[in-house]
Amino acid sequence: MERTAVLPEDLDRCAEIAEVRLSADGRLLAAAVSVPEVAGNRYRRDVVVGPADPAGPAAPAPLGAFPAGSTRLPRWSPTDDRLAVVADGPDGCSVLVTDPGEPAGAAATKVVAGWPDPVEELSWSPDGRRLLFVVREPVDREREQMPEDGRPPLRLTSLRYREDGIGWLVGRPRQAYLVDVAAGAAPRRLSTGGFDDAEFSWHPDGRSVFFVSQRHDRADRTVLNDVFEQPLAGPPRRLTDTSRAFGAPVPSPDGTRLVVTTLDAARYPAATHLAVLDPATGEVTDLTAELDRDCSGGSVVWTGPATVAAVVEDAGAMTVHAFDTAHPGSTRVLAGGPRRVTAFDVRAGRTALVTSGPVDPPAVAVLTADGGERVRHAPTAKLAAGRTLRGPRHTAVPVAPGVAVDSWLVLPDEDTAPGRHPLVVWLQGGGTQYGWQFSHELQLLVAAGHAVLYLNPRGSAGYGTAWMRTVSGPRAATPGTGWGSVDVDDVAAVVRATLQVHPQLDPARVGVMGGSYGGLLTTFLLARTDLFRAGWAERGPYHLISDAGTKDEAPWFFEAYLGGSHLADPGSYWQASPLRLVEQITAPLAIVHSEEDRRCSIGQAEELFMALKLLDREAEFVRFPGEGHELTRSGSPVHRLQRLELLLDWFGRHLSPGSPAAR
């Protein structure tokens with residue numbers, strides 16, 4: 001097949017795979033696939049089902065029993081081959097159950113029909129007789145259904161009252177419900193007290209459930225929470241001491257232990273560790289203190305009586321590690337390599353993965369008996385086969401004595417883009433890592449003739465807690481040098497080293513872009529260095545004093561990073577704000593923001609734009625209506641495509657050989 005360049009409109013052929021689930025006997029797999037659909041400005045979400053046998057002839061496909069384009073959260077019964085899913089429709093959310101082995105055309109059973117609130121979690125009871133589902137429901141539904149111009153005002157008394165991507169939290173707690181699958185009875189609420197409860201799992205005996213919740217007096221000032229156990233008929237019991245942020249409790253096969261994720265929120269930033277919790281005593285044993293890498297709680301699977309597996313972020317990769325709960329610190333890699341395994345499942349000796357790499361879009365693979373892998377479902381494979389995809393060159397660049405920063409450089413195809421290339425430095429958001437991932441956006445920039453450089457400067461995830469805390473403020477519990485310091489130095493050092501080693505790159509045509517913390521870092525780089533000829537700052541915090549008073553993570557996030565509140569220590573907040581250096585920004589800058597962003601409010605972009613225009617600098621303010629902080633990942637497909645086209649236009653104009661900035 002002849003390959004052609006990656007296009008912006010390829011967006012609606014780039015599938016994401018949220019999860020893969022194996023049936024109890026390991027014979028069948030189900031995966032949740034999502035594809036942006038620009039024409040309908042929606043996401044097509046389907047659960048595909050098929051044999052898990054690596055040698056099986058039939059690839060997974062959507063089941064006719066489920067409505068096309070609107071299903072998610074596949075969950076297999078633990079006792080047979082029944083599959084439950086959530087279906088989103090114009091009349092609300094439904095929970096459907098079917099047996100894939102039934103004749104084609106057989107209808108699914110509607111266990112829950114037309115629920116008015118989206119279902120966020122779904123799980124079977126161990127005996128396969130009940131389903132537990134979690135919804136965020138309004139306490140006053142009548143108020144929510146009223147027209148806004150006649151709706152009574154909200155009367156707020158606590159700080160955490162809204163969240164990006166969700167909206168209002170006040171009066172909308174997550175609540176768990178139980179429903180009998182066969183009885184046809186109405187669901188009954190399991191949650192009590194009106195608290196926000198989440199991340200449910202069943203005790204193996206089916207008599208109780210575990211979950212996390214904040215039920216302490218300072219819940220609106222911190223992310224510290226607790227793990228609870230609740231009988232199906234009775235009040236919950238707190239199992240922990242509110243000392244950490246706990247997540248994803250999963251009981252052992254005999255129910256005597258729980259695996260949980262733990263985060264040292266009081267001394268944030270920190271890596272998310274995996275730990276064992278004894279429900280009887282509350283004792284917490286860290287399994288990953290020596291590994292010290294972020295572990296994904298939503299991925300945890302017990303693979304034996306004393307063994308658990310989880311996705312681990314490490315040096316740009318995401319791999320699956322197995323941990324011996326009887327011997328903390330003992331670990332081995334189940335699925336590794338320079339790639340990203342974002343989800344997996346293990347059942348009856350079979351392992352299924354969601355895997356991707358720089359030139360390999362997400363796919364479902366199954367491990368073979370000889371230790372290899374076979375792809376069972378690759379929804380973007382046809383597109384990838386017809387496009388020119390470029391892989392990265394990985395380099396660890398020394399930036400300080402004893403410190404090296406991982407970087408990846410992707411060069412355009414010399415046959416289609418001869419000569420010296422402009423370079424775009426691509427920065428990630430805070431608390432994350434870049435590395436061996438697939439990105440349509442990156443491939444699009446390369447197809448347009450740009451080389452793309454990305455890296456994990458100090459402060460990134462994937463290298464442990466000490467690496468993350470390097471950019472904590474000088475007054476934090478574990479002091480660092482603060483944002484806009486060694487992180488700027490690291491990026492600048494890697495850019496200079498890359499330009500020196502690769503003469504095919506044009507040092508007069510270098511751009512920089514990033515979102516959220518990457519937007520903050522972009523503006524610091526433009527102010528503190530002369531390396532860049534144009535910038536693209538997206539959804540960033542630029543004035544931390546005002547951001548601290550409006551962001552949905554306030555007050556805990558900045559207080560942990562900087563060591564105090566913006567009222568007690570405004571100097572530290574101003575020191576960490578790139579707005580204080582705005583007079584030093586002379587390169588053209590695109591400021592891109594979403595109007596419904598609650599993580600970094602639109603006011604952050606407005607302040608930066610105002611300052612630059614008052615200084616008569618070249619700046620363009622791009623505002624996306626109706627979008628939040630996650631525009632680039634889950635925003636409307638139309639807006640995502642428009643953003644890509646604007647991105648290509650911006651760097652095409654400012655990094656072209658004849659642009660004024662490049663002369």
Polar side-chain atom of [X] near backbone of [Y] as donor-acceptor pair, under 3.5 Å:
{"X": "Asn41", "Y": "Val638", "answer": "yes"}
{"X": "Arg42", "Y": "Gly69", "answer": "yes"}
{"X": "Asp164", "Y": "His629", "answer": "yes"}
{"X": "Asp46", "Y": "Val33", "answer": "no"}
{"X": "Thr71", "Y": "Val47", "answer": "yes"}
{"X": "Thr261", "Y": "Cys295", "answer": "no"}
{"X": "Arg3", "Y": "Arg387", "answer": "yes"}
{"X": "Gln437", "Y": "Gly435", "answer": "yes"}
{"X": "Thr432", "Y": "Gly429", "answer": "yes"}
{"X": "Lys551", "Y": "Cys600", "answer": "no"}

Please determine, by modelled atom types, if [X] and [Y] share a side-chain donor-acceptor pair under 3.5 angstrom.
{"X": "Asp406", "Y": "Tyr463", "answer": "yes"}
{"X": "His654", "Y": "Ser656", "answer": "no"}
{"X": "Tyr542", "Y": "Asp547", "answer": "no"}

Report task. Could you tell me whether Tyr434 and Trp426 have their ring centroids closer than 6.0 angstrom? Result ->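 Ring-ring flag for Tyr434/Trp426: true, centres closer than 6.0 Å.
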
Are Trp436 and Trp408, when compared by the centres of their aromatic rings, separated by less than 6.0 Å?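 Yes.
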
Gap between atom [atom2] of [Y] and atom [atom1] of [X] - 0.5 Å precision:
{"X": "Glu2", "Y": "Thr388", "atom1": "CD", "atom2": "OG1", "answer": "9.0 Å"}
{"X": "Asp597", "Y": "Glu538", "atom1": "CG", "atom2": "CD", "answer": "10.0 Å"}
{"X": "Arg640", "Y": "Glu645", "atom1": "CZ", "atom2": "CD", "answer": "13.0 Å"}
{"X": "Asp360", "Y": "Thr380", "atom1": "CG", "atom2": "OG1", "answer": "11.0 Å"}
{"X": "Arg293", "Y": "Thr319", "atom1": "CZ", "atom2": "OG1", "answer": "10.5 Å"}
{"X": "Leu505", "Y": "Leu411", "atom1": "CG", "atom2": "CG", "answer": "6.0 Å"}

Report yes if some heavy atom in the side chain of [X] is under 4.5 Å from a heavy atom in the side chain of [Y]; otherwise report no.
{"X": "Val354", "Y": "Val341", "value": "no"}
{"X": "Tyr454", "Y": "Ser407", "value": "no"}
{"X": "Met468", "Y": "Ser460", "value": "no"}
{"X": "Leu648", "Y": "Pro8", "value": "yes"}
{"X": "Glu121", "Y": "Phe133", "value": "no"}
{"X": "His377", "Y": "Pro379", "value": "yes"}
{"X": "Cys93", "Y": "Val86", "value": "yes"}
{"X": "Leu427", "Y": "Val512", "value": "yes"}

Smallest separation among heavy atoms of [X] and [Y], with atom names:
{"X": "Glu19", "Y": "Leu73", "answer": "OE2-CA, 3.5 Å"}
{"X": "Leu389", "Y": "Val359", "answer": "CD1-O, 3.6 Å"}
{"X": "Ala65", "Y": "Thr98", "answer": "CB-OG1, 3.8 Å"}
{"X": "Ser594", "Y": "Ile602", "answer": "O-CD1, 3.9 Å"}
{"X": "Gly459", "Y": "Val471", "answer": "CA-CG2, 3.7 Å"}
{"X": "Leu526", "Y": "Ala587", "answer": "CD2-CB, 4.2 Å"}

TODO: List the steps and the verdict of side-chain contact (heavy atoms from CB on, under 4.5 Å) for Phe344 and Ser299.
DONE: CA-CA 7 Å; Phe344 75 101; Ser299 69; 3.9 Å; yes

salt_bridge([X], [Y]) N-O dist < 4.0 Å:
{"X": "Glu441", "Y": "Arg643", "value": "yes"}
{"X": "Asp88", "Y": "Arg72", "value": "yes"}
{"X": "Asp345", "Y": "Arg21", "value": "no"}
{"X": "Arg13", "Y": "Glu37", "value": "no"}
{"X": "Glu373", "Y": "Arg339", "value": "yes"}
{"X": "Asp552", "Y": "Arg599", "value": "yes"}
{"X": "Asp490", "Y": "Arg458", "value": "yes"}
{"X": "Glu16", "Y": "Arg633", "value": "no"}
{"X": "Arg623", "Y": "Glu606", "value": "yes"}

Geometric class of the Trp536/Phe651 ring pair [parallel <30°, tilted 30-60°, perpendicular >60°]: tilted

Practice item. Just do the side-chain contact (heavy atoms from CB on, under 4.5 Å) check on Leu455 and Val491 with the steps written out, would you? Key: CA-CA 8 Å; Leu455 64 151; Val491 175; 4.0 Å; yes

#### Entry: Derivation and outcome, side-chain contact (heavy atoms from CB on, under 4.5 Å), residues Gln642 and Phe624
CA-CA 10 Å; Gln642 290 170 344; Phe624 281 96; 4.2 Å; yes

List, one per line, each side-chain donor-acceptor pair under 3.5 Å for residues 442-450, sequence neighbours excluded.
unit_1: Gln443; atom_1: OE1; unit_2: Arg390; atom_2: N; d: 3.0
unit_1: Gln443; atom_1: NE2; unit_2: Pro358; atom_2: O; d: 3.3
unit_1: Gln443; atom_1: NE2; unit_2: Arg390; atom_2: O; d: 2.9

Using the rule given for side-chain contact (heavy atoms from CB on, under 4.5 Å), can you reason through Leu353 versus Val364, listing the C-alpha separation, both sets of side-chain angles and the distance that settles it, and then say yes or no? CA-CA 6 Å; Leu353 314 167; Val364 176; over 6 Å; no

